[in-house]
Amino acid sequence: MPPKKQLKKADKAQEPAAAKSVKHHEEDRQGGWVEPTTVTVKPPEQLALTDKELETEHTRVLTAKDPVAPKNVVRFSFKERVYKLDASVEQCALHFELEGNLMHRESEDGKRILAEIDAIRIAQERAAEAEAMTVQGGEGGAAPEGGAAGVSDKKLRNQFNYSERASQTFNNPLRERPTVTEPPPSVGFNSMVTQWEVFDAFLEDIEVKSIAKDKSSQQQQKKPQAGGGEKEEEEETQKEAAKEGDIVHSAAMSKSLKVMERMVNQNTYDDIAQDFKYWDDQSDTFREGEGTLLPLWKFFTDKVRRKHVTALCWNPEYYDLFAVGYGSYDFMKQGSGVICCFSLKNPSHPEYSFTTETGVMCLDFHPQHSSLLAVGCYDGTVMIFDIRNKLNKPIFQSTVKTGKHTDPVWQVCWQEEDLAKNLNFFSISSDGRVTLWTMSKNELQFTDVMELKLAGIANSSGEEAGEETSLVGLAGGMCFDFHRTSEHLFIVGTEEGKIHKCSKAYNSQYLDTYTGHYMSVYAVKWNKFHPRVFLSASADWTVKLWDHSQKLPLMSFDLGNAVGDVAWSPFSASVFGAVTNDGKVHVFDLAENKHEPMCDQKVVRKSKLTHVVFNPKQPLLLVGDDRGGVLCLKLSPNLRKTEVVREKEKEAAAAGAGDAAVKKPPPKKRGAEAEGAGAAEAQKVLTPADKEVNKLEQLLGLGALGGLSGAGGGPFGRSWGA
């Protein structure tokens, strides 16, 4: 419709409305009341929509995006060195901005401004009061009578009523305390340097150097065929003589630097040190039969890159020090060997390190002389290092003349001193020999204690055995372990999977042979508490528990992969750990679960674990892999429970539940002998070791410990004790 026509219609509609309003006003004047009417006024440009169109919903989405913001911002990426589209664009559009000076009332500036305003207001009020007083005083003097009618009730201040108030505080008296100290001792010295003194000192230095040079030349003439080790020793002595006057390279400075290095490392690894000392997994209290291993430090050095950890051993005197042997189990890739002694106080660098010509296969610290380290190598050599020496040279070493092994030495073990107080140790090798090495004054003396014959040949007669041995050879020895209480008894694991019980008194036959493994036996370990129980680990994926008085294993545990090593814990007779080629550490506690491990944890990636060893005092576990790494793990509380701890937990649980322990009356005995026996039993108190032995006997169903004789009732029948 054209706009003119619409306006005309609107005028026509408004005319009757105005006429009606006039009528209403007239009726109101006459006294009547009429309900007012509502008139809807529409703007002329409004659309006229039908009811159906009005009911239609039109959805509109409001977004916070700026329609004017650019969408193709390109920025240069310094990481990838190309221009890339930047998706993050600022969508905020600022329409109005005004800087204000508002301050919070509680802020320092706000409090200061309020204080200034109050001071100004108080000053103004005082000024107004003073002005009012002056005005009132002037009016009162001019009209003393006229203001009688308009007297105000306001009290005026008396300007002459003024009193001065003062107070005096007490001054503390000063006290002098003189002291007399002794002056530090002082020594006055002076000297005058002249040209001839400098010349004399220069001549003395030249003379000392010439004498040292003459001595070294004389020694070289006397020993023209001296080996490389002796030359190195002479060079070291000369260097030490030169460094005696050098403070920077002195022994005291090196000791101080070592202490500082340890302090810096402890600050660097402070969180790990705190976990080692104080942290325990509290979740163990809510889960019975399970435990965890907390990784602490990892020990590694660049010298041993791409080498295998072939041996681990804790120092018997310093419980934070341990030795690691590095070699290679891949016999096609053999190289030099390294021995590193690490400390938990300095995980970044080894305390001592030695190198060998061939790979290190085993090592062991002497139990009394903790600085002596026996080492077995891949070429069959055994040697002894003194870690106190700074020279990279063993103090004793076996040679072909002194009867060294012809195959790799798999294990060495120190023994008690003999009657002549000579230090000695045993070694086992793949050449089938178990050899005793004795340290004499100048060399190692050897004695073959046992020749490991094959199981079938060892049971045949003497002549036949000799012929077959010369044709077939001896059984390859892989590991051995000596008994804790009976010095003559030891067990041997072989490559063919057999375990032999041997004695130092018999070198021609075995006391007993245990058949249970089908592949090489990598480790055999006597229990540290029970004298009849030992463990064996093999490449056939199993760990077996044996009683050496029985030929069949008591228990067998399948770990699903080749087992590299096994070790008993030093604090409990029922806890042991094992490592496998898939990088897992298995910790068993037979008192909690006889069938499955309490902890089955993977600690390395893409590596094979080779060895495991428990710390003799701390709840720590060391594992080595085939990439040269040694990882220190902490046992959770569930993995280190002893029998004493279990008894205390049972007593606490019984006391908390309110269970009264039922005490059985003691058996009646007659006579004085019975009374004496009862008193002896009452006085006998079980030690923690006895409790561990009793626990293991109950778990495995073993009889009480008593006398035990060897094969055929030989001379080594003796009583066994815990």
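None of these values were measured; they are calculated from a predicted model. One-based numbering along the sequence shown.
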Donor-acceptor check, side chain of [X] to backbone of [Y], threshold 3.5 angstrom: yes or no?
| X | Y | value |
| --- | --- | --- |
| Thr610 | Gly624 | yes |
| Asn315 | Ser370 | yes |
| Lys307 | Ser336 | yes |
| Asp86 | Val73 | no |
| Ser536 | Val524 | no |
| Thr381 | Cys377 | no |
| Asn581 | Asn561 | no |
| Ser574 | Asp589 | no |
| Ser538 | Ser520 | yes |
| His104 | Glu106 | yes |

Please report the interatomic distance [atom1]([X]) to [atom2]([Y]), rounded to the nearest 0.5 Å.
| X | Y | atom1 | atom2 | answer |
| --- | --- | --- | --- | --- |
| Ile428 | Cys362 | CD1 | SG | 10.0 Å |
| Ser636 | Met598 | OG | CE | 7.0 Å |
| Ser328 | Gln334 | OG | CD | 4.5 Å |
| Arg262 | Leu344 | CZ | CG | 10.0 Å |
| Leu633 | Leu296 | CG | CG | 7.0 Å |
| Asn346 | Leu321 | CG | CG | 11.5 Å |

Next on the checklist: Apply side-chain hydrogen bond (donor to acceptor under 3.5 Å, both in side chains) to residues His611 and Thr310 and explain how you reach the verdict.
Outcome noted: CA-CA 7 Å; His611 285 277; Thr310 55; 6.0 Å; no
[Y] and [X] side chains, donor-acceptor separation under 3.5 Å:
| X | Y | answer |
| --- | --- | --- |
| Ser348 | Asn265 | yes |
| Thr580 | Asp582 | yes |
| Asp626 | His308 | no |
| His483 | Thr485 | yes |
| Ser107 | Asp109 | no |
| Thr358 | Asp379 | yes |
| Lys303 | Ser353 | yes |

Item to check | Phe299 and Trp297 aromatic ring geometry - parallel, tilted or perpendicular at 30°/60° bounds | outcome: tilted
Should [X] and [Y] count as side-chain neighbours, where that means a heavy-atom distance under 4.5 Å?
| X | Y | answer |
| --- | --- | --- |
| Val521 | Cys479 | yes |
| Pro616 | Tyr319 | yes |
| Val375 | Met361 | no |
| Ile384 | Met439 | yes |
| Arg627 | Lys606 | yes |
| Met383 | Phe385 | yes |

Checklist entry - Going through the checks in order, is the salt bridge (charged side-chain N to carboxylate O under 4.0 Å, His left out) test met by Glu204 and Lys209? => result CA-CA 9 Å; Glu204 288 179 2; Lys209 290 182 178 179; over 6 Å; no
For [X], look at atom [atom1] and say whether over 12 heavy atoms of other residues, nucleotides or ligands are found less than 6.0 Å away.
| X | atom1 | answer |
| --- | --- | --- |
| Glu357 | CD | no |
| Met103 | CE | yes |
| Phe76 | CZ | yes |
| Lys602 | NZ | yes |
| Arg112 | CZ | yes |

Item to check | CA sep, side-chain torsions, deciding dist, call: Asp558, Thr542, side-chain hydrogen bond (donor to acceptor under 3.5 Å, both in side chains) | outcome: CA-CA 5 Å; Asp558 189 351; Thr542 60; over 6 Å; no
Checklist entry - Applying the side chain to side chain contact (heavy atoms under 4.5 Å, CB included) test to Val630, which of Val623, Leu312, Asp625 qualifies? => result Leu312
Next on the checklist: Using the rule side chain to side chain contact (heavy atoms under 4.5 Å, CB included), only one of Tyr326, Tyr352, Phe300, Phe354 pairs with Cys340; which is it?
Outcome noted: Tyr326
Next on the checklist: Could you report the tightest heavy-atom contact between Asn615 and Pro570, atom names first, then the distance?
Outcome noted: O-CG, 3.4 Å
Checklist entry - If every non-hydrogen atom of Val412 is compared with every non-hydrogen atom of Ala374, which pair is closest and at what distance? => result CG2-O, 3.7 Å
Looking at [X] and [Y], does any basic side-chain N land under 4.0 Å from a carboxylate oxygen?
| X | Y | result |
| --- | --- | --- |
| Lys345 | Glu261 | no |
| Glu80 | Lys84 | yes |
| Asp280 | Lys634 | yes |
| Lys695 | Glu692 | yes |

Item to check | Step-by-step side-chain contact (heavy atoms from CB on, under 4.5 Å) determination, Val324 to Phe342 | outcome: CA-CA 8 Å; Val324 186; Phe342 288 95; 4.0 Å; yes
Next on the checklist: Can you list everything that forms a ring-ring contact (aromatic ring centres under 6.0 Å, His included) with Trp414? Sequence neighbours excluded, please.
Outcome noted: His366, Phe425
Checklist entry - Can you list the residues that meet the ring-ring contact (aromatic ring centres under 6.0 Å, His included) rule with Phe557, with sequence neighbours excluded? => result Phe576, Phe588
Next on the checklist: Apply side-chain contact (heavy atoms from CB on, under 4.5 Å) to residues Leu635 and Phe571 and explain how you reach the verdict.
Outcome noted: CA-CA 12 Å; Leu635 302 171; Phe571 48 82; 3.8 Å; yes
Next on the checklist: Checking ring-ring contact (aromatic ring centres under 6.0 Å, His included) between Phe426 and each of Phe482, Trp410, Phe480, Trp437, which is the one that passes?
Outcome noted: Phe482
Next on the checklist: Before you tell me yes or no, could you show the steps for Leu621 and Leu639 under side-chain contact (heavy atoms from CB on, under 4.5 Å), namely the whole-Å CA-CA distance, both residues' side-chain angles and the distance that decides it to 0.1 Å?
Outcome noted: CA-CA 11 Å; Leu621 192 69; Leu639 300 180; over 6 Å; no
Checklist entry - Which is it for Val338 and Val360 under the side-chain contact (heavy atoms from CB on, under 4.5 Å) test, yes or no, and what are the steps along the way? => result CA-CA 7 Å; Val338 182; Val360 176; over 6 Å; no
